[in-house]
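Naming convention: chains lettered A, B, ... in sequence-line order (proteins, then strands); numbering from 1 in each chain.
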Number of protein chains: 2
Amino acid sequence: MPKEVLFNEAMVLQKATGLFWHKGYNGTSMDDLTKATGLSRSSLYNSFGDKHSLFMRCLNYYLSDQEKSLMQAVGGTASPLKKIKIAFKYMVDVILRDEKRDGCLMINTTTELCNVDEEIGTLVLKNTDAMEHLFQQWVKEAQQQGEIGKTFSAQAIGKHLLNTYSGLRISGQAKPDKKSLDDIVKVALSVLV
Amino acid sequence: MPKEVLFNEAMVLQKATGLFWHKGYNGTSMDDLTKATGLSRSSLYNSFGDKHSLFMRCLNYYLSDQEKSLMQAVGGTASPLKKIKIAFKYMVDVILRDEKRDGCLMINTTTELCNVDEEIGTLVLKNTDAMEHLFQQWVKEAQQQGEIGKTFSAQAIGKHLLNTYSGLRISGQAKPDKKSLDDIVKVALSVLV
DNA sequence: GTACATTTGGAACGACTATTCCAAACAAAA
DNA sequence: TTTTGTTTGGAATAGTCGTTCCAAATGTAC
C-alpha cells in the first residue's frame with residue numbers, strides 16, 4: 001500500500017487561493033506557492049497538476065466558499081426582498097473587512113485572464129449566469145409576493161443587481177469607504193419599489 | 001548636437017498601452033513591448049525608464065485619451081441629464097466594440113495592482129475621485145435645473161453612476177451582450193427621476 | 001522484516017525575466 | 001570634415017519562471 005498524503009488538501013487550497021487572490025495569477029509564482037503552502041514542488045505538482053490546474057481548483061474552492069457564506073448570510077429570512085437587502089449589507093461588510101484590498105477573486109480573474117484564457121472565460125461566464133439567476137430568482141419571488149413592483153422585468157433587475165455588486169467590488173477596492181458604499185447601495189436598491 | 005529620436009513617442013505609448021491593456025502588467029514582458037513598439041530594449045529604457053515607469057506613462061496616456069473621447073461624446077448637448085444618458089449609451093457602445101474583451105485598463109489595473117503597488121493605488125484613487133466628481137457635477141446641475149429630483153444627494157447618485165459604470169465593464173467583459181447591458185443601464189438610470 | 005507503491009525534498013532543466021552595458025551609427029554644430 | 005552628444009542594436013547579466021526528474025523517505029500489506 002502507498003504512503004499516505006501528509007497534508008490537508010483543503011488547507012493547501014485555502015493558502016494557495018489566498019495567494020492568487022492577493023497577487024493575481026501572473027503575479028504568483030510556484031515558488032510563492034510552495035512557501036505559502038509548505039509543500040515542496042513535487043508534492044504540489046503531484047497532487048494538483050501544474051499551476052493552471054491548481055488555479056482552477058482554487059477558483060472553484062473560492063466560489064463554493066463564497067456561495068456558502070452568502071447563503072448563510074441571507075438564510076435567516078423568508079422574504080425575498082429582505083434577502084436582497086441583507087445580501088448587499090453583507091457584501092458591503094465583506095468589502096470593508098477586506099483590509100488588504102484584495103477585492104473579489106472572481107472579478108480579479110475576469111479582468112486578468114478572461115480575454116486570454118478560454119477555460120477561465122467559460123468558468124467566469126458560468127458563474128456570472130449563476131449569480132444572475134440567483135438575483136433574478138429573488139426578484140421574481142419578491143414581485144410575485146408584491147414586495148416590489150413589476151415596472152421592470154425580474155431579468156433586468158437581476159442583471160442590475162449583479163452589476164451593482166460587481167461595481168461595489170471595484171469601488172471598494174479603489175476607495176474602501178463605508179459611507180460611499182452605503183450610498184451606492186441605497187441608490188441602487190431604490191429601484192426595488 | 002545629438003542625434004534625434006527616430007520614433008513617434010505617442011505611437012509607442014499607444015502600442016505599449018494596447019499591450020498592457022490586453023495582457024495586464026504582469027502578463028506583459030519587456031520583450032513583448034519591444035516587439036510591439038518596434039523599439040530596441042535600450043531605446044525603450046532610455047526613453048521611458050523601466051517597465052513600471054513606462055506603465056505609468058501608459059496609464060496616463062490611456063486616461064487622457066478616454067476622457068477626451070467621453071467629453072467628445074457628450075459634447076453635443078447642453079442638458080446635464082442628457083449628458084448622463086448619452087455617456088452611458090456611449091459606454092455600452094464602447095464595451096460592445098471591445099471584441100478582444102480587454103475591458104477597461106483602469107479597472108484591470110485596479111484589480112491587478114491596487115493592493116500591491118502604492119503608486120498605482122494613488123493614481124487609481126485620483127481617477128476614481130475625478131470620475132465621481134464628473135458624474136456628481138452633472139447630477140447637481142440636473143437637479144438645479146429640475147431635470148431630476150432631489151430625493152438623493154448629487155453625491156450619492158454620482159457614486160451610484162460611477163459604480164454602475166464599473167459594473168458595466170465587468171459585466172461586459174464576462175458576457176458582452178447588448179440586451180443585458182441595455183437592461184442594466186435602463187434600470188440603473190431609472191433612479192434619475 | 002521484507003516488498004511494494006506512493007510521496008517527498010531537492011537538485012536540475014531550459015526558457016524567460018527585467019535590466020545593464022558597450023560599441024557602432026548617426027545627426028547637427030564647428 | 002571633424003567633433004560632439006545622443007540614440008541605437010545587440011550581446012550579456014544575474015535572477016526567476018514553470019516544470020521535470022530522481023533518489024530517499026515513508027506508510028501499508030504480506
Residues in side-chain hydrogen bond (donor to acceptor under 3.5 Å, both in side chains) contact with B:Lys179, at least two apart in sequence or another chain: B:Asp183

The nucleotide from C:dG10, D:dG18, D:dG9 with an atom nearest the side chain of A:Ser42 is C:dG10

Give a yes/no on whether any side-chain N or O of B:Ser43 is located under 4.0 angstrom from OP1 or OP2 of D:dT7. no

With sequence neighbours left out, write down each residue that passes side-chain contact (heavy atoms from CB on, under 4.5 Å) with A:Lys35, or none if nothing qualifies. A:Asp31

Please indicate whether A:Gln145 has more than 12 foreign heavy atoms, meaning atoms of other residues, nucleotides or ligands, lying under 6.0 Å from its CD. yes

Return the value, rounded to whole Å, for the distance between atom CG of B:Leu39 and atom C1' of D:dT8. 9 Å

Within residues 12-34 of chain B: residues closer than 4.0 Å to DNA chain D (heavy atoms): none

Proximity to DNA chain D (any heavy atom under 4.0 Å), residues of residues 48-57 of chain A only: A:Asp50, A:Lys51

Could you tell me whether the side chains of A:Ser180 and B:Lys159 share a donor-acceptor contact shorter than 3.5 Å? yes

A:Arg41 vs A:Asn46, nearer the 5' end of DNA chain C by closest nucleotide: A:Asn46

Does anything in residues 103-131 of chain B form a salt bridge (charged side-chain N to carboxylate O under 4.0 Å, His left out)? List the pairs, not counting sequence neighbours. A:Lys175-B:Asp129

If you round to the nearest 0.5 Å, how far is CG of A:Leu192 from CD1 of A:Ile148? 5.0 Å

Gap separating the CZ atom of A:Phe135 from the CE atom of A:Met131, nearest 0.5 angstrom: 5.0 Å

Can you list, pair by pair, the side-chain donor-acceptor contacts under 3.5 Å of residues 74-88 of chain A, counting residues two or more places apart and other chains?
| from | atom 1 | to | atom 2 | distance (Å) |
| --- | --- | --- | --- | --- |
| A:Thr77 | OG1 | A:Ser79 | N | 3.2 |
| A:Ser79 | OG | A:Leu81 | N | 3.4 |
| A:Ser79 | OG | A:Lys82 | N | 3.1 |
| A:Ser79 | OG | A:Glu147 | OE1 | 3.3 |
| A:Ser79 | OG | A:Glu147 | OE2 | 2.7 |

